[in-house]
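No hydrogens, no waters, no symmetry mates; every other heavy atom, side chains included, goes into these values.
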Amino acid sequence: MAATRSRKGSVSLEGKKVILVPYMESHVPKYHEWMQNPSLLQATASEPLSLEQEYQMQLSWSSDLNKETFIILDKDLLIGTFSHGQPHVQAMVGDVNIFMNDINNPQIAEIEIMIAEQSSRRKGLGKESVLMMMAFAIHNLGINIFQVKIGESNLQSINLFRKLGFLEASHSNIFKEVTLELQITPAKSEEMLGLMGTLIKHT
């Protein structure tokens, strides 16, 4: 299937358990609240930012063509009917990102996942969000190799990606992190696209 570039912020993705929506300005206060948690900062290798810096970061991400960010909504927490273009802050539980930073191979992307809300963990939301993001990237961005860099102590995240078929590509003793990689074959691509769920276009 040919890759087509969707305008950033123009789509949401709906699965069985989650809805992925573009990261909006309205999401920033809740996101900032999450990133005051030392364990989340450590798990995501992030530095604490002020609220104003977080707003600036959201604006930067929304215009960066080498990055795609979706906020994860837990469908169990939705109030009323989902509407594309609305932030649905009450259902926010995390985010999923991809980065296309390899200038020598634009078909490689690094993926990150965070389920920040403790009550929404161990429900399969992270797995579904990763699968949907990868399917989106294959279809819209032509990605055929996914990588993930995870702290070696984050066994839960490492196990998640191993179950999805990622294999260890390298291990840095200096940074104490593992790089896992998944190459997308034609058969894997068809499998992933079948899992993407419903594409909700901006109207």
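- Atom CD of Glu47 sits in a sparse spot, with 12 or fewer heavy atoms from other residues, nucleotides or ligands closer than 6.0 Å.
- For Thr69, the side chain to side chain contact (heavy atoms under 4.5 Å, CB included) partners two or more places apart in sequence, or in a different chain, are Tyr23, Trp61, Lys67, Asp95, Asn97.
- In this structure, Ser83 contributes its side chain and Gln86 its backbone to no donor-acceptor pair below 3.5 Å.
- In this structure, the side chain of Ser60 does not engage the main chain of Gln56 through any donor-acceptor pair within 3.5 Å.
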**OP:** Assess whether side-chain contact (heavy atoms from CB on, under 4.5 Å) is satisfied between Met92 and Lys30, documenting all intermediate values.
**Re:** CA-CA 8 Å; Met92 285 176 66; Lys30 183 67 173 179; 3.7 Å; yes

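- With hydrogens and angles ignored, the 3.5 Å screen pairs no side-chain donor or acceptor of Glu177 with any backbone N or O of Ser172.
- In Glu25, the CD atom is not crowded: 12 or fewer heavy atoms of neighbouring residues, nucleotides or ligands sit closer than 6.0 Å.
- Around NZ of Lys127, the count of heavy atoms belonging to other residues, nucleotides or ligands within 6.0 Å does not exceed 12.
- Judged as a side chain to side chain contact (heavy atoms under 4.5 Å, CB included), and not counting sequence neighbours, the contacts of Leu77 are Asp74, Ala91, Val93, Ser120.
- Sequence neighbours left out, the pairs with a member in residues 143-158 that pass side-chain hydrogen bond (donor to acceptor under 3.5 Å, both in side chains) are Gln107-Asn144, Gln147-Glu181, Glu152-His171.
- Checked by atom type and distance alone, the side chain of Arg162 never pairs as donor or acceptor with a backbone atom of Leu167 at under 3.5 Å.
- Side-chain atoms of His27 come within 3.5 Å of backbone N or O of Pro87 as a donor-acceptor pair.
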